[in-house]
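Comments concern the structure below.
What you see is a predicted model; the values in this text were computed from it and never measured. The chains referred to below are lettered A, B, ... by the order of the sequence lines, with proteins before strands, and numbering in each begins at 1.
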Number of protein chains: 2
Amino acid sequence: MSTRPLPATKAPTMADVARLASVSVPTVSRVLNGNVNVSQSKRERVLDAVKELNFRPSFAARALASARPEAVAVVSGNTSQYGYAETLRGIENTCRREGLSTIISVIDSDEPAEVDRVVSQVLSQPIVGVIVLKFDPPGVAVLDRLVDKLPVVAVSGLRDTRVSQAMLDETRAAEELTGYLLDLGHATVHHVRVPPSRREDGRTTGWRRALRRAGKEVPETLDATWEPASGRAVGRRLAEDDGVTAVFCGNDEIAMGVVRGLNDAGRRVPEDVSVVGFDDHPLSELWAPSLTTVRQDFHGLGSRAVQLLGAEIEDADNVGRLSNERPAVVVRDSAAPPQA
Amino acid sequence: MSTRPLPATKAPTMADVARLASVSVPTVSRVLNGNVNVSQSKRERVLDAVKELNFRPSFAARALASARPEAVAVVSGNTSQYGYAETLRGIENTCRREGLSTIISVIDSDEPAEVDRVVSQVLSQPIVGVIVLKFDPPGVAVLDRLVDKLPVVAVSGLRDTRVSQAMLDETRAAEELTGYLLDLGHATVHHVRVPPSRREDGRTTGWRRALRRAGKEVPETLDATWEPASGRAVGRRLAEDDGVTAVFCGNDEIAMGVVRGLNDAGRRVPEDVSVVGFDDHPLSELWAPSLTTVRQDFHGLGSRAVQLLGAEIEDADNVGRLSNERPAVVVRDSAAPPQA
DNA sequence: ATGAAAGCGCTAACAT
DNA sequence: ATGTTAGCGCTTTCAT
């Protein structure tokens, strides 16, 4: 029952299969790689032997001998974050459909040692290319080191001309969302930032642009961390300022925190102040009030990244391509016209 | 700028390094694998050559030649789920500290073809062992196929005697949480289940046990999906029954949905009905009312799984071990004594 | 259609 | 301390 076939009987090799089927090793290889010229009888014997021995080809040996890698590496930051996780799923699904494995390397910080470790790990693997989720500084750092070494596709919200890139046009979406708030009649829109990947996020840029274009005052930005609770503190602070009637948050989780902080201080949403988020987190619709936000198709984003990588590999000139898509504003209940 | 060194110049091999440093290949290998007997001068020449050529050892070749794998495979279901993602992070971090890579295989369904694919992918990799997240049927199916083939550690809430296992004692925790509700004075506690991995979840078992032990009536269970929105529908349904004063939900996201559904129907939480969840999701504290729940240390769970795997590899007798931990009830605002 | 031979890039004996 | 020789498990010529 709970005993184990002692020293984990060594995995069978192709030679074992060949012996059992009384054929040569290359014949086994031919059978397993589908296609070509093998007589029906031998094919069957081989298949039987494979089944009997429960043979699995060694990924390492295959990669080494064929020099034709069949995996793509993905470098990602915090995988618990909703957007990351969904994008990863999109990449994984699409790769699978293309017959590629995905090897995920997680990177937490942009310290040189960490970046080194990840770069090494990626480059030492038999891969066709890399997809870097560069929403954050570690991602950016890794990308910088990988560019021009092998096919790389970046996934992010900001354009980077050195590589092919799958994007969600955060800037335009943020501009649109801010515009929506302004159209509702708000005098200006305050902005709570999530930790930016470079100098400035697309979300912040879009917000600023919308305000400028409308000739509105551009208030100081407030900063949140990735912790939803940090939004709550910001919400309380915001509640102290009567001039605040509309707040655009860097993501939905922060928005939820801000709503809560505002409520703590006795301000109602959306009656006293409108709050909008970004991402369309699965809980946004359930939140009270349900959150007006921007829907981002992260899963599709991952798919597009894989397709870009495929194109780049097929044709080496297919580099520096852009696959862009504008996220859609989702109007729900957390934003309303300002009260007289 | 945006051009690429044409046909991606072939990666340098150890032989290239050896040539450039005027030493033999094994010497390069010795330098790179740390330790032993290499003269200072040669070591330096090798290191310089490595740097100049930007050499990275091939993972495949190394695995093949040394037959000493340095990766662990992780089989996981839906990685967007909070608990999965956190456990994965724990595994990843701990493996990294042990110098192991992690290879993640995602499995969505328990269809035989899918299970086959994942099993093949896992077994063809040069790995020391597998960690299976068996919270759901696909995980269970994979585990069944992998047992006795190589070191396997299961991660879940229910005991499985065939393998080593890192657990969170959901049953006891659920019992405790239900007991807490009963102690508050509720006549009984209703239960909304999340999709179970086997016949019955530990959460459900613990709930039932607590009711039985207190001599209370055991109401019919209600079912939710993994979608938080499904909880909302359940909440509305629950609101129709005046006998419902306390609800234990299979996870926090469902609990949030249930609260919302109850509110939709005009019932207040916790005044009219108490609602508790499970997991201590990052948003639970922010929810209004903040959710009474059970904190699960998923990150630690992942760590423990890796340690178990380590122990099993060191000593083949170290099989079938159990690393258990009881999650802690977190009292917040969504549960209160029944009114009148 | 099939087998023999060579070799992928590395590590592990074995010499010296 | 260092080089030489094998070989990991597979794929790929190249014969036949």
Side-chain angles (χ1 to χ4, degrees), chain A residues 9-47 49-50 53-71 101 120-121 123-128 150, chain B residues 9-47 49-50 53-71 99 101 120-121 123-128:
Chain A
T9 39
K10 200 169 160 12
T13 73
M14 216 172 231
D16 298 328
V17 175
R19 206 170 307 122
L20 182 57
S22 315
V23 298
S24 70
V25 168
T27 298
V28 177
S29 173
R30 287 179 190 113
V31 171
L32 264 39
N33 294 318
N35 45 41
V36 290
N37 307 332
V38 180
S39 71
Q40 191 56 33
S41 66
K42 299 212 172 186
R43 159 170 277 112
E44 276 169 17
R45 267 153 51 205
V46 168
L47 259 14
V50 164
L53 294 177
N54 211 294
F55 167 79
R56 315 277 169 172
S58 148
F59 182 85
R62 176 174 279 186
L64 186 57
S66 72
R68 152 173 41 70
E70 13 198 59
S101 306
S120 283
Q121 185 174 311
L123 291 181
S124 64
Q125 224 95 22
I127 55 174
V128 297
L150 77 177
Chain B
T9 39
K10 200 168 161 10
T13 73
M14 218 173 229
D16 298 328
V17 176
R19 205 171 306 122
L20 182 57
S22 316
V23 299
S24 71
V25 169
T27 296
V28 177
S29 174
R30 286 179 191 115
V31 172
L32 263 41
N33 294 318
N35 44 40
V36 291
N37 309 332
V38 181
S39 71
Q40 191 56 33
S41 67
K42 299 212 171 184
R43 159 171 274 111
E44 276 170 17
R45 266 153 52 204
V46 168
L47 258 15
V50 164
L53 295 176
N54 212 295
F55 167 79
R56 315 277 169 172
S58 148
F59 181 85
R62 176 175 279 185
L64 186 57
S66 71
R68 152 172 44 69
E70 11 196 63
S101 306
S120 282
Q121 186 173 309
L123 291 180
S124 64
Q125 224 95 21
I127 55 174
V128 297

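Computed from coordinates, the Asn37(B) CG to dA12(C) P distance equals 15 Å when rounded to whole Å. Distance CD (Gln40(A)) to C1' (dA1(C)): 13 Å, rounded to an integer number of Å.
Here the closest heavy-atom approach between residue Val46(B) and residue Val17(B) is recorded as O-CG1, 4.1 Å. Annotation for Phe55(B) and Leu32(B): closest pair CE2-CD2, 3.4 Å, computed over non-hydrogen atoms. Here the closest heavy-atom approach between residue Ser124(B) and residue Pro57(A) is recorded as CB-O, 3.0 Å. Between Ala63(B) and Ala60(A), the shortest heavy-atom distance links the atoms CB-CB, 4.2 Å. When all heavy atoms of Arg43(B) and Val38(B) are compared, the pair lying nearest together is NH1-O, 3.4 Å. Closest heavy-atom contact between Thr13(A) and Asp16(A): N-OD2, 2.8 Å.
Between the two ends of the helix from dA1(C)-dT16(D) to dT16(C)-dA1(D), each summarised by a five-pair axis, the helix axis turns through 40° (rounded to 10 degrees).
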Show me the protein contacts with nucleotides 7-10 of chain C, counting only N or O atoms at under 3.5 Å.
from	atom 1	to	atom 2	distance (Å)
dC8(C)	O2	Leu64(A)	O	3.4
dC8(C)	O2	Ala65(A)	N	3.2
dG9(C)	OP1	Lys10(B)	NZ	3.1
dG9(C)	N2	Ala61(B)	O	3.4
dC10(C)	OP1	Ser58(B)	N	3.3
dC10(C)	OP2	Met14(B)	N	2.3

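A donor-acceptor contact closer than 3.5 angstrom links the side chains of Ser120(B) and Arg56(A). Between the side chains of Gln125(A) and Gln121(A), no donor-acceptor pair is found at a separation under 3.5 Å.
A distance of 13.0 Å separates CG in Leu64(B) from CZ in Arg62(A), rounded to the nearest 0.5 Å.
Formation of a donor-acceptor pair under 3.5 Å by the Arg45(A) side chain with backbone atoms of Ser22(A) is found in this model.
Distances shorter than 4.0 Å separate some side-chain N or O of Lys42(A) from OP1 or OP2 on dT2(C).
The outermost nucleotides of DNA chain D lying under 4.0 Å from heavy atoms of chain A, listed 5' to 3', are dG9(D) to dT13(D).
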